[in-house]
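In what follows, chains carry the letters A, B, and so on, assigned in the order in which the sequence lines appear, proteins first and then strands, with residues in each chain numbered from 1.
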Amino acid sequence: MRYTRAFIPTAREVPKDATMPSHQLLLRAGYIRMVGAGIYEMLPLGLRVMNKIAAIVRAEMDGAGAQELLMPALLPRDYFEESGRWSSFGPTLLRLTDRRGGDYHLGPTHEEIITDLVRREVKSYRQMPLNLYQIQMKFRDEPRPRAGLLRCREFMMKDAYSFDVSEEAAIRSYEIMREAYHRIFRRLGLEYRLVGADSGAMGGSTSAEFQVLAQNGEDAIVACGACDYAANVEVAEAVEPEGAPASASGPPEKVHTPGKRSIDEVVAFLGGGLTAARTLKSVFYLAGEAVVLAVVRGDHEVNEVKLARALGVSEVFMASDADVAAASGAQPGSCGPVGYRGRVIVDPAVTRVSDAVTGANETDYHLTHVAYGRDFEGEVRPIRQVGAGDACPSCSAPLAAYRGIEGGHIFVLGTHYSAKMGATFNDEDGQDRPIVMGCYGIGVSRLVATAVEQNHDADGIRWPMAIAPYQVLLTPIGKDDAPFELAERLYEELGALGVEVLLDDRRERPGVKFKDADLLGVPLRVTIGDRGLAEGVLELKARTAKDADKIAVEGAAARIAAAVKEQLG
RNA sequence: CGGGGCGUAGCGCAGUCUGGUAGCGCGCAUGGUUCGGGACCAUGAGGUCGGAGGUUCGAAUCCUCUCGCCCCGACCA
């Protein structure tokens, strides 16, 4: 492609509405434009990148035995009504009405539709295993679209669905997908972790996320440096605490702590070598109608997902100050489990804190020399959040904390949808049984932005070769015609070698061209100037490299093509 | 949905408090000089000041309503 003919609207200034690097750079470099909140146009460069990602996904899905199809995005109400999601999906479902008043929605995901297709056509165990996928726009009325392509109301997704005769067979399908996903993410050139995840609203027994590591990620994950353990902090397990059960050097003692509400304030106020780890944090939650007191060590945090699970409810809400006062008789910050007469959930680590400090259930007072077992009891359940420095549950090495962007999510669904929708098959014995399903998503458009989050510097994008919009950027510079003529020749030669080339044939000053080159992020730049030409050389520079290599004009095309191949791995 | 911020030329902004007929930088067009990291000079085009209503002799500016966008939170296969 010739730059003078290409639609690449670059901008020097940072768009004010963009805060994330990927959002800013994709806008500035002319890859995307915004139409509305969470709605974007993919400009030619952006589409090329997305198509490359999709091509890799397709190749690996096909290689894993999945077959591509395309379902409609516009869907009548009936299907979601059948599974119960017409109401349970809530306002996130983008609904619309046709001229006859019929209810429709735009598909946020396609379990119901594919299950309907399969129940009509798959009747025998002989037709399985079956894995069908599509790459298609998804629509969700997100409560808050943000961060450019990372959280959109309309986004490109690859969703695959597996159909099997048994749980064991379904797990095999799941594992095949998991391996295919590893290949996909590796080929995309992204640093990622496979992490244990919360199955959440999808229901189902097994699920894992492919988290692409990024500073700005929405998800918090922990990963072990020594083994391959990694998990979303929502589900990461804390190892059983070591050490002796809690004891105390004396009876509880009430101390005046005026106005000290947070753990940090109390620690600083009491001093004397007290650390947050020797205090107890008491947090009141509402689980339905009931008030529950959750107690964790002072330097730990309550994990609400785990707490909800321990209580057997779907979610918990932090109690208001008024609720806390009614339950404990004190302000938040002065509450504690000692003498508290309601339901208490205690994190295991709490049972090892000797001479603990905790709220006295009397505003502006705390208790010292408190010990679990002697001064209070409760239901011991793991409810704390795991963080950096915690021991790995599988090998005990310290865990590191990361932020990640969910790039893919795989689930074993079981018979959640098939049972509800009557998707059954005849087994070898002629018995009717529900099909066992799995589903597997990859956020294709999101990965465009994710790749930028992970591959950029102060000057612009640094695409991995595998997904770059072009592989080589030819940059003739200077006022003479010779560099441009050579660039034209190289352009032809490289094209013939199958290299994807962008030729910057603009008669711009060198600075302008270099700035745009760095911004666009094409992995290899070839600079052709009269200086080099006088010596019979041109410059080949990787976007990620500091300096350029001088290569001979003679045989340059082959050299460059080889460099492309090398970066493709 | 709660809290905060912002809508003025394609982009980034000033002007709004204190009402008087819209400005700067970048970009764009034309001519000239330049040419290895976003050049310079000259000339020029480009704006219903998000929208509607109101107050006023007069509204970008004051009042009311409304639409949109961003951030934090809630939420999130």
Where the side chain of [X] is defined as all heavy atoms beyond and including C-beta, which of [options] is the nearest nucleotide?
X      : options             : value
A:P510 : B:G38, B:C35, B:C69 : B:C35
A:F514 : B:G36, B:G38, B:U34 : B:G36
A:R146 : B:A74, B:G37, B:C69 : B:A74
A:E539 : B:C71, B:G36, B:G38 : B:G36

**Prompt:** Is there a residue in residues 476-490 of chain A whose heavy atoms reach under 4.0 Å of RNA chain B, and which residues are they?
**Reply:** A:I477, A:G478, A:K479
**Message:** Let's see if you get this right: which residues in residues 30-40 of chain A place a heavy atom under 4.0 Å from RNA chain B?
**Reply:** A:M34, A:G36, A:A37
Expressed as a whole number of Å, how far does the [atom1] atom of [N] sit from that of [M]?
N     : M     : atom1 : answer
B:G54 : B:G44 : C1'   : 40 Å
B:G37 : B:G46 : C1'   : 31 Å
B:C63 : B:G27 : P     : 38 Å
B:G53 : B:C67 : C1'   : 14 Å
B:C65 : B:A29 : P     : 45 Å

**Prompt:** Quick one: which of A:V472, A:L538, A:V553 gives a side-chain contact (heavy atoms from CB on, under 4.5 Å) with A:L490?
**Reply:** A:L538
**Prompt:** Which of these, A:I53, A:V452, A:L150, A:V57, sits in a side-chain contact (heavy atoms from CB on, under 4.5 Å) with A:L447?
**Reply:** A:I53
To the nearest angstrom, how far is [X] atom [atom1] from [N] atom [atom2]?
X      : N     : atom1 : atom2 : value
A:D504 : B:G38 : CG    : C1'   : 13 Å
A:H409 : B:C76 : NE2   : P     : 14 Å
A:R144 : B:C72 : CZ    : C1'   : 6 Å
A:Q24  : B:G12 : CD    : P     : 12 Å
A:I528 : B:C35 : CD1   : P     : 20 Å
A:D530 : B:G36 : CG    : P     : 8 Å
A:R525 : B:G36 : CZ    : P     : 14 Å
A:L27  : B:C69 : CG    : P     : 15 Å

Return the pairing partner of [N] with a 3.5 Å limit on both distances, Watson-Crick or G-U wobble; otherwise return none.
N     : value
B:U21 : none
B:A60 : none
B:C1  : B:G73
B:U30 : B:A42
B:C65 : B:G51

**Item:** Step-by-step ring pair (Phe, Tyr, Trp, His ring centres under 6.0 Å) determination, A:H105 to A:F80
**Value:** CA-CA 9 Å; A:H105 71 277; A:F80 265 51; 4.5 Å; yes
**Asked** From A:M437 CE over to A:M128 CE, what is the distance, rounded to the nearest 0.5 angstrom?
**Response** 11.0 Å
**Request:** Working to the nearest 0.5 Å, report the span between OH of A:Y174 and CG of A:D164.
**Result:** 14.0 Å
Taking only distance into account, with no hydrogens and no angle test, what donor-acceptor pairs under 3.5 Å do side-chain atoms of residues 86-93 of chain A form with protein atoms, sequence neighbours excluded?
| residue | atom | partner | partner atom | Å |
| --- | --- | --- | --- | --- |
| A:S87 | OG | A:G84 | O | 3.4 |
| A:S88 | OG | A:G84 | O | 3.2 |

**Request:** Among residues two or more places apart or on two chains, list those pairs meeting ring-ring contact (aromatic ring centres under 6.0 Å, His included) that have a residue in residues 511-543 of chain A.
**Result:** none
**Asked** Got a sec, which pairs hit salt bridge (charged side-chain N to carboxylate O under 4.0 Å, His left out) with one end in residues 447-459 of chain A, sequence neighbours left out?
**Response** A:D457-A:R462, A:D457-A:R543
**Message:** Distance alone, cut at 3.5 Å: any donor-acceptor contact between the side chains of A:Y40 and A:H23?
**Reply:** yes
**Item:** Check: A:T109/A:E111 side-chain N/O donor and acceptor closer than 3.5 Å
**Value:** yes
Sugar-phosphate only, base, or nothing, as touched by [X] at under 4.0 Å among non-hydrogen atoms:
X      : result
A:A147 : sugar-phosphate
A:R151 : base
A:T19  : sugar-phosphate
A:D159 : nothing
A:P108 : base
A:Y440 : nothing

**Asked** If you take all heavy atoms of A:F155 and A:S445, which pair is closest and at what distance?
**Response** CB-OG, 3.4 Å
**Prompt:** Got A:I221 and A:R403 here, is their nearest side-chain heavy-atom distance under 4.5 Å?
**Reply:** no
**Prompt:** Looking at side-chain heavy atoms only, is the closest gap between A:H456 and A:P21 below 4.5 Å?
**Reply:** yes
**Request:** Evaluate the ring planes of A:Y440 and A:Y181, with Trp represented by its six-membered ring, and classify them as parallel (under 30°), tilted (30 to 60°) or perpendicular (over 60°).
**Result:** perpendicular
**Complete:** Taken in chain and number order and not counting sequence neighbours, the residues that satisfy side chain to side chain donor-acceptor pair (under 3.5 Å) with A:T10 are A:D516
**Message:** Using the side chain to side chain donor-acceptor pair (under 3.5 Å) criterion, which residues pair with A:R119? Sequence neighbours excluded.
**Reply:** A:E82, A:D116
**Message:** Does A:R77 have more than 12 heavy atoms from other residues, nucleotides or ligands lying within 6.0 Å of its CZ?
**Reply:** yes
**Message:** Quick check: on RNA chain B, is the nucleotide nearest A:D219 upstream (toward 5') of the one nearest A:G148, or the reverse? Name the residue that is more 5'.
**Reply:** A:G148
**Item:** Residue closer to the 5' end of RNA chain B, A:D516 versus A:G408 (nearest nucleotide)
**Value:** A:D516
**Request:** Could I get the full list of ring-ring contact (aromatic ring centres under 6.0 Å, His included) partners for A:F163, not counting sequence neighbours?
**Result:** none
So which protein nitrogen or oxygen atoms get under 3.5 Å of nucleotides 4-9 of chain B's nitrogens or oxygens?
| residue | atom | partner | partner atom | Å |
| --- | --- | --- | --- | --- |
| B:C6 | O2' | A:K16 | NZ | 3.3 |

Give me the distances for all protein-to-nucleotides 23-32 of chain B N/O pairs that come in under 3.5 Å?
| residue | atom | partner | partner atom | Å |
| --- | --- | --- | --- | --- |
| B:G25 | N2 | A:E13 | OE2 | 2.5 |
| B:C26 | O3' | A:R12 | NH2 | 3.4 |
| B:G27 | OP1 | A:R12 | NH2 | 3.1 |

**Fill in**
Those residues at least two apart in sequence (or on a different chain) that pass side chain to side chain contact (heavy atoms under 4.5 Å, CB included) with A:M71 are A:L69, A:H110, A:I113, A:I114, A:Q134, A:Y161
Pairwise N/O distances under 3.5 Å, protein to nucleotides 43-47 of chain B:
none

